[in-house]
Chemist: 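Pasting a structure here, questions to come.
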Amino acid sequence: MRRLLLFPVAALAACTPDQAEITGHWTAWFAASSSTFVEQRTLAQATLPAKDRSLELADSVTETLYDCSPSNPLEQEQSGCADVADDWHSWLTTDGYHVVSSEIEVWRSEAIMTSEDDLQLTFHMDLGEVDLRIAWVVDPHFSPRECVQNEDGVAEEVPVDGADWIEQWSEDEDGYIFYLNAGAYQYNPYDSEEYWPLYNNWLSGYSNAKFVGEDDKSEAEEFHSHPSDFGSSAAQTWYLPLDPTDPAWETYEAFAENIRQAATGWALELRNDISADLGFGFEGYELKIEDNMWRPIDASSAGLDGWIQMDASWVRLDKRGDQVAEGESVEGDFQIFFDAIDSGSHLAVRGEFSIPEIHGDPWGYAQLHEEKQEENQTPTCE
């Protein structure tokens, strides 16, 4: 998984592709104090009280004002704030929010295999004066591998940690799950000032979203998918050192179960009765835990062995590998939680999709590295 293709609508105005069936729902939390989108949409109504301001969205989109922050930027009295759970989603009580939500109603969709053999689904939703664009990309062939020297002294390519990651991640799934882990990092458990980004070949997917006004491009607010978490903070990493010669698996299982139970409670912060009553909830929200117990243990904290991983963003496919290719069909589902790039806003989307025929990438290009490797007969690990 290397890149995400994003193209301006104007460049493709001559056609409106409809390449996937997508259903589901989404919710956006526009931060009252920092959202560029909210600022631009309310400037014309600056003389009105904040509680009367509107994002001028379509009738199909619901809008509520939610404010449980100490500063109360929405100038709104909000009952029930004392009951809001914000252990993980701490942003719920740090600002006021314009909360908008709707069912997924797509007016444009594109499903392609990129020139890098990644599956990319892009879809647009007409929200009235606003267009919501979401694109996700996953690598159907994702299988991190490394070159090692075997007992005979010959270099060979083997799976990282000795197994197929997608198979391991998907053992308890209906289909094959790809975590949108681009951008993920770990804090060094022994030095909170140091962090370790995941290697590029460990990244299985990514998503991007953008709200854009009809005329004024300055109204755009952009989001990226929230990657895998490996701790609640630099001071609280989810790493437990284990002795490679005698791993304390019972201790590790208890460690993982504690985080799993905590994650169950954290997911409820966005989908319990309180969140629904106050108007900021998101139906069906899940947080998935990977305990990585299948990975071989070594004496180093680097790597993923001994680490607990939590994900709020993923795509599930009903097939993988060479079965996901140009001309083939594929279906599945997804949940993506987004963080705004330049504000305190958030977005969550959850849905199902069916792609009857995957199209080719008309904007793609050949892979120079692979071309030169073949041209120069560069030795590879085999």
Side-chain angles (χ1 to χ4, degrees), residues 85-90 142-146 148 151 158-181 183-199 201-205 226-272 284-314 316 335 337:
D86 63 347
D87 187 19
W88 182 261
H89 304 91
S90 57
F142 179 72
S143 180
R145 304 181 73 80
E146 60 185 346
V148 301
E151 294 179 353
V158 299
V160 173
D161 290 335
D164 186 308
W165 291 27
I166 296 297
E167 293 290 344
Q168 295 296 326
W169 288 349
S170 304
E171 277 192 342
D172 56 351
E173 301 288 345
D174 184 14
Y176 300 102
I177 193 165
F178 297 78
Y179 293 118
L180 306 187
N181 59 354
Y185 59 89
Q186 305 159 304
Y187 280 102
N188 182 341
Y190 305 112
D191 182 358
S192 61
E193 298 296 320
E194 181 181 14
Y195 67 93
W196 305 323
L198 298 191
Y199 295 115
N201 69 328
W202 291 7
L203 307 179
S204 57
H226 187 85
S228 306
D229 287 295
F230 295 93
S232 56
S233 68
Q236 293 182 322
T237 60
W238 297 333
Y239 172 71
L240 185 68
L242 295 170
D243 182 351
T245 62
D246 186 21
W249 288 120
E250 290 187 3
T251 301
Y252 190 82
E253 287 175 356
F255 177 63
E257 182 59 25
N258 286 339
I259 298 172
R260 190 174 290 109
Q261 291 182 11
T264 300
W266 294 334
L268 288 174
E269 293 174 358
L270 293 187
R271 62 178 178 89
N272 59 19
Y285 182 65
E286 295 179 78
L287 292 170
K288 292 185 176 291
I289 297 294
E290 292 292 334
D291 58 32
N292 290 308
M293 291 179 65
W294 59 272
R295 300 180 188 272
I297 299 297
D298 59 32
S300 171
S301 56
L304 296 180
D305 57 292
W307 287 86
I308 308 298
Q309 170 184 328
M310 184 174 75
D311 287 271
S313 306
W314 67 85
R316 279 186 295 213
Q335 176 188 286
F337 185 81

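Computed over heavy atoms, backbone and side chain alike; hydrogens, waters and symmetry mates excluded.
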Chemist: Ring centroids only, cut at 6.0 angstrom: are Phe230 and Trp196 within range, meaning strictly under it?
Modeler: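 No, ring centres 6.0 Å or more apart.
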Chemist: Under the criterion side-chain contact (heavy atoms from CB on, under 4.5 Å), I'd like the reasoning laid out for Thr237 against Gln186: C-alpha separation, chi angles, the key distance, then a yes or no.
Modeler: CA-CA 8 Å; Thr237 60; Gln186 305 159 304; over 6 Å; no
Chemist: So Asn181 and Ser204, do their side chains get closer than 4.5 Å, heavy atoms only?
Modeler: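 With C-beta onward as the side chain, the pair touches.
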Chemist: Do Pro247 and Tyr252 come within less than 4.5 Å of each other through their side chains, counting heavy atoms only?
Modeler: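 Side chain of Pro247 against side chain of Tyr252, heavy atoms only: no contact under 4.5 Å found.
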Chemist: Of all the heavy-atom pairs spanning Ser313 and His226, show the shortest one and how long it is.
Modeler: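 Heavy atoms only, the tightest pair is OG-O, 3.1 Å.
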Chemist: Between Trp307 and Tyr239 (judged by ring centroids, cut-off 6.0 Å), do the two rings come close enough to count as a pair?
Modeler: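 Here the rings of Tyr239 and Trp307 have centres that are less than 6.0 Å from each other.
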Chemist: Within the 4.5 Å heavy-atom criterion, are Glu173 and Trp314 side-chain neighbours or not?
Modeler: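 No - every pair of side-chain heavy atoms lies 4.5 Å or more apart.
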Chemist: With Trp169, which of Tyr179, Phe178, Tyr176 fulfils side-chain contact (heavy atoms from CB on, under 4.5 Å)?
Modeler: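 That would be Tyr179.
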Chemist: For the residue pair Leu304 and Leu198, establish whether any side-chain heavy-atom pair is separated by less than 4.5 Å.
Modeler: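 Yes, at least one pair of side-chain atoms sits under 4.5 Å.
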Chemist: With a 4.5 Å heavy-atom cut-off, do Arg316 and Asp174 have their side chains touching?
Modeler: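 No - every pair of side-chain heavy atoms lies 4.5 Å or more apart.
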Chemist: Please find the pair of heavy atoms, one from Gln168 and one from Ala163, that lie closest to each other, and give the distance.
Modeler: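 Looks like NE2-CB, 3.8 Å.
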Chemist: Please find the pair of heavy atoms, one from Pro244 and one from Ala299, that lie closest to each other, and give the distance.
Modeler: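 Minimum heavy-atom contact is CG-N, 3.6 Å.
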Chemist: Quick check: Tyr185 with Tyr187 (ring centres under 6.0 Å apart)?
Modeler: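 Yes: the rings meet the under 6.0 Å criterion.
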Chemist: Here's a test for you: under side-chain contact (heavy atoms from CB on, under 4.5 Å), which of Asp291, Leu287, Thr264, Ile289 qualifies with Ile259?
Modeler: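 Single side-chain contact (heavy atoms from CB on, under 4.5 Å) partner of Ile259 among Asp291, Leu287, Thr264, Ile289: Ile289.
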Chemist: Could you please spell out the steps behind the side-chain contact (heavy atoms from CB on, under 4.5 Å) verdict for Met293 and Glu253?
Modeler: CA-CA 9 Å; Met293 291 179 65; Glu253 287 175 356; 3.4 Å; yes
Chemist: Looking at Gly175 and Ser170, what are the two nearest heavy atoms and their distance?
Modeler: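 So the two residues come closest at O-CB, 3.4 Å.
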Chemist: Between Glu146 and Val158, is the side-chain contact (heavy atoms from CB on, under 4.5 Å) condition met? List the steps.
Modeler: CA-CA 6 Å; Glu146 60 185 346; Val158 299; 4.1 Å; yes
Chemist: Measure the CD1-CG distance between Ile177 and Asp311 for me, rounded to the nearest 0.5 Å.
Modeler: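 Output value for this atom pair is 7.5 Å.
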Chemist: So, do Pro241 and Tyr190 sit near enough that their side-chain heavy atoms are less than 4.5 Å apart?
Modeler: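 Sidechains of Tyr190 and Pro241: in contact.
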Chemist: For residues His89 and Tyr285, determine if any side-chain heavy atom of one lies less than 4.5 Å from a side-chain heavy atom of the other.
Modeler: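 Contact flag for His89/Tyr285 side chains = yes.
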Chemist: What's the separation between atom CD1 in Ile297 and atom OG1 in Thr245, rounded to the nearest 0.5 Å?
Modeler: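 So the CD1 of Ile297 and the OG1 of Thr245 are separated by 11.5 Å.
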Chemist: For residues Trp88 and Leu270, determine if any side-chain heavy atom of one lies less than 4.5 Å from a side-chain heavy atom of the other.
Modeler: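 SC-SC contact between Trp88 and Leu270 ruled out.
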Chemist: Just how far is it from atom NZ of Lys288 to atom OG of Ser228, taken to the nearest 0.5 Å?
Modeler: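 Those atoms lie 12.5 Å apart.
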Chemist: Does Asp305 come within less than 4.0 Å of Arg295, counting only side-chain N to carboxylate O?
Modeler: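 Salt bridge flag = no for Arg295 with Asp305.
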